[in-house]
Amino acid sequence: MARSRPPRSPPLVPALALVLALTASPIAARVHVQSLPADAGRPAGQGVGGEDYQGHQVLKVFVADNGTLDLLRSFEGNPDVDFWTPASGLNPTVDVLVAPDVGRRLKEELTRSGASYTVNIEDVQAAVEEESPVMSDTERELLVGRSGHPLTWTAYHSADDHHQYMDFIEQNYKGLCETFSIGTSTEGRDLRGVKCGLGKREVWIDGGIHAREWVSPAVVSCLIREYSQRSVNHQDLLRKHTIYMLPILNPDGYEYTRSGGRRRRFWRKTRSRNPGSSCIGADPNRNFDAHWGETGSSMDPCSDIYAGSRPFSEPETRALRDFLLGRVHAMKMYISFHSYSQMLFVPYAFSKERPADYKELLRVAKAGEKAIRRTSGKAYRVGQASQLLYEAAGGSDDWAKSKAGIKYSFTFELRDKGRQGFLLSASQIEDTCTEIVAAVDTMITTSAEQDDKA
Ligand code: 0X9
Ligand code: ZN
């Protein structure tokens, strides 16, 4: 939980004082109380339904040697196999989702070659059904009546619920927070966020670049809650900063993963058409103009890491580019939330090259990691993605640093380390939020102090 800091002099500017008064009002007090039914959350009738993942499992394979890697890689491209973590050789284990038949075959071949594995998710279908509680219409009405909006942090929610929450914040925290839009997605969804704070130093936070990483939008909406409804805990920070928070940068992909139907839950990319191919979408985190199309990305529209037809081919990445380029004079920090594996990346990811001020960025990241450890005891590894995960070009973090010139650029991989992976139980959202609020607070403050000294 973020520390409660006593207000410092000079006294609060009037707008912030007004909002802090608002946080003590009955409506604001009511929204903190979340004695909701255990099944609050997903709109009625919109479950991830069907029998799509019957018999599917997620295996954690222990990579003993190159033989295991080669064996795993021979399954790459198989439509019944989805690598949740890469067979890059940088990590001692690889998580892989397998359909029943191919799963049996992979297990046999692993055993025959002497490699070991555990079954991390025994029954993917059951895990999909248990991930997030379902809410009835009546419960939803009750919730909106009580809170003023339909969002909770005990379930995963639709883009529409997130938008309603943003409207609620704008209406109730005037003078501190307001909504903004950076454009629209391929399917016409609003790319909407909330900005909070009254300061000149600006920070950008986004989530939901990858569709299936559901905890990411949940955490960004939780940061919105923190810097609005709980602004009393962050007065100094909000006086000096303006924080832009956009929970779902890839709303088409996100809604697709929520829509049930065959094999949709683990969709990663956007939902744009690819001329000349029946495959859909590009990986937005390979679509930025930072060594675009180089390592760790694909030119095959059917690949999950398809870089797109050209840099910024996707309206979502274009919108982010244009918005950030319009604010580079003030924007000091870029943070993008992904999941999973509990890591905090510092540029660059396209190669092992480091920016000239790498040490300053690393110091800020380490302060963030320490705050997490202090808060929840969870371990997050800190370093370059190219060292800890794999080399991958065209990412938003590399672009923010090298092209937009935003000094502090980071990517988080949130919880967990693979026990549930992309199916992280909604009951873990609050605890994840608590540790991330502590990290973000510390990272903003540490970077500001560092810049002041320079
Ligand atoms: O590969 C990615 O885009 C991220 N990992 S994920 O499993 N969430 O897909 C890592 C992003 C690190 N940064 C860059 N690759 N630029
Ligand atoms: Zn991701």
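Please read these numbers as outputs of a predicted model, since none were measured by experiment.
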* Asked: Can you tell me if H157 and T152 form a side-chain donor-acceptor pair at under 3.5 Å?
  -> yes
* Quick one: do the Q342 and R415 side chains pair a donor with an acceptor below 3.5 Å? -> no
* Cationic N near anionic O, under 4.0 Å, D137 to R140 -> no
* Aromatic ring pairing Y165/W153, orientation class (parallel under 30°, perpendicular over 60°, tilted between) -> perpendicular
* **P133 side chain reached by T154 side chain, heavy atoms, under 4.5 Å** => no
* Name all residues meeting the side-chain contact (heavy atoms from CB on, under 4.5 Å) criterion together with D300; count only those two or more places apart in sequence or in a different chain, and write none if there are none. => S298, C302, S303
* Residue pairs passing the salt bridge (Lys or Arg N to Asp or Glu O under 4.0 Å) test where at least one lies in residues 308-318, sequence neighbours excluded -> none
* Asked: Are any of the side-chain heavy atoms of Q384 and P347 separated by less than 4.5 Å?
  -> no
* Is K453 paired with E449 through a side-chain N to carboxylate O contact shorter than 4.0 Å? -> no
* **Side-chain donor or acceptor of S297 paired with backbone N/O of A393 under 3.5 Å** => no
* Asked: Does atom NZ of K370 have more than 12 heavy-atom neighbours, drawn from other residues, nucleotides or ligands, at distances under 6.0 Å?
  -> no
* Asked: According to the interplanar angle, ranging from 0 to 90°, do the rings of F312 and W399 count as parallel (below 30°), tilted (30 to 60°) or perpendicular (above 60°)?
  -> perpendicular
* Asked: Could you go step by step and tell me if E391 and S386 meet the side-chain hydrogen bond (donor to acceptor under 3.5 Å, both in side chains) rule?
  -> CA-CA 4 Å; E391 289 182 359; S386 50; 5.6 Å; no
* Structure fact -> What one should report as the nearest heavy-atom pair of A404 and V328 is O-CG1, 3.1 Å
* Asked: How many angstroms lie between OG in S396 and CZ in R286, if you round to the nearest 0.5 Å?
  -> 10.0 Å
* To do: Nearest 0.5 Å please: distance from the OG atom of S336 over to the CZ atom of F410.
  => 12.5 Å
* **Contact summary for S409 and L361, nearest pair of heavy atoms** => N-CD2, 3.8 Å
* H234 ring center within less than 6.0 Å of Y227 ring center -> yes
* Please report the closest heavy-atom contact between I182 and W204, naming both atoms and the distance. => CG2-CH2, 4.2 Å
* So, E202 and K195, do they make that salt bridge, N to O below 4.0 Å? -> no
* To do: Would you check if there is a donor-acceptor pair between the side chains of D283 and H210 at a distance under 3.5 Å?
  => yes
Per-pair distances, 0.1 Å, donor-acceptor, side chain in residues 243-251, under 3.5 Å, sequence neighbours excluded:
from : atom 1 : to   : atom 2 : distance (Å)
Y244 : OH     : R327 : NE     : 3.2
N250 : OD1    : G253 : N      : 3.0
N250 : ND2    : I209 : O      : 3.1
N250 : ND2    : K269 : O      : 2.9

* To do: Work out which heavy atom in L176 is nearest to a heavy atom in S231; give both atom names and the distance.
  => CD2-CB, 3.6 Å
* Is the shortest heavy-atom distance from the side chain of E360 to the side chain of V364 under 4.5 Å? -> no
* To do: Taking the six-membered ring of W267 (Phe, Tyr or Trp), confirm whether the NZ or CZ of R263 is under 6.0 Å from its centre and within 45° of its axis.
  => no
* **side chain to side chain contact (heavy atoms under 4.5 Å, CB included) between L97 and V81, worked out** => CA-CA 6 Å; L97 167 73; V81 177; over 6 Å; no
* **CZ-CG distance between F337 and D206, expressed to the nearest 0.5 angstrom** => 9.0 Å
* Asked: Restricting to pairs with a member in residues 84-95, which pass side-chain hydrogen bond (donor to acceptor under 3.5 Å, both in side chains), not counting sequence neighbours?
  -> K60-D95, D95-Y340
* **Lys/Arg-Asp/Glu bridge criterion (N-O < 4.0 Å) met for R265, E131** => yes
* Hey, does L223 have a side-chain heavy atom less than 4.5 Å from the side chain of I205? -> yes
* **Atom NZ of K403 with >12 non-hydrogen neighbours under 6.0 angstrom** => yes
* Asked: Just by distance, do the side chain of T242 and the backbone of C196 share a donor-acceptor pair under 3.5 Å?
  -> no
* side-chain hydrogen bond (donor to acceptor under 3.5 Å, both in side chains) between S259 and R264, intermediate numbers included -> CA-CA 7 Å; S259 63; R264 292 186 176 194; 2.8 Å; yes
* Any donor-acceptor pair under 3.5 Å linking the side chain of D252 with the backbone of E187? -> yes
* **Distance in Å, L344 CG paired with I436 CD1, rounded so as to fall on 0.5 Å steps** => 8.0 Å
* Asked: Only one of K240, K407, R201 clears salt bridge (charged side-chain N to carboxylate O under 4.0 Å, His left out) with D451; which?
  -> R201
* What's the verdict on side chain to side chain contact (heavy atoms under 4.5 Å, CB included) for N274 and Y306, showing C-alpha distance, side-chain angles and the deciding distance? -> CA-CA 11 Å; N274 291 307; Y306 176 47; 3.4 Å; yes
* Asked: Given T411, which of N285, D397, D398 fulfils the side-chain hydrogen bond (donor to acceptor under 3.5 Å, both in side chains) condition?
  -> D397
* Residues Q164, H149; criterion side-chain hydrogen bond (donor to acceptor under 3.5 Å, both in side chains); working and verdict -> CA-CA 6 Å; Q164 286 186 47; H149 62 81; over 6 Å; no
* Asked: Is the ring centre of F266 less than 6.0 Å from the ring centre of Y53?
  -> yes
* Asked: Which atom pair, heavy atoms only, marks the closest approach of A438 to A371?
  -> O-CB, 3.7 Å
* **Taking every non-hydrogen atom, the tightest pair across V94 and P86** => CG2-O, 3.6 Å
* Go through the steps for E170 and T179 under the test side-chain hydrogen bond (donor to acceptor under 3.5 Å, both in side chains), then give the verdict. => CA-CA 6 Å; E170 180 164 69; T179 61; 2.9 Å; yes
* Structure fact -> Applying side chain to side chain donor-acceptor pair (under 3.5 Å) to Q450 and not counting sequence neighbours gives R363, Y408
* Between R225 and E430, is there a salt bridge with N-O shorter than 4.0 Å? -> yes
* To do: Go through the steps for W214 and L424 under the test side chain to side chain contact (heavy atoms under 4.5 Å, CB included), then give the verdict.
  => CA-CA 8 Å; W214 283 8; L424 187 76; over 6 Å; no
* Asked: With distance as the sole criterion, is a donor-acceptor pair present between the side chains of S339 and E413 under 3.5 Å?
  -> no
* Structure fact -> The reported gap from CE in M331 to NE2 in H329 (rounded to nearest 0.5 angstrom) is 8.0 Å
* Structure fact -> Across all chains, not counting sequence neighbours, the side chain to side chain donor-acceptor pair (under 3.5 Å) partners of T317 are N287
* Could you tell me the separation between the CE atom of M343 and the CG atom of L414, rounded to the nearest 0.5 Å? => 12.5 Å
* To do: Under the side chain to side chain contact (heavy atoms under 4.5 Å, CB included) rule, what do L198 and H241 come out as? Steps first, then yes or no, please.
  => CA-CA 6 Å; L198 306 162; H241 295 85; over 6 Å; no
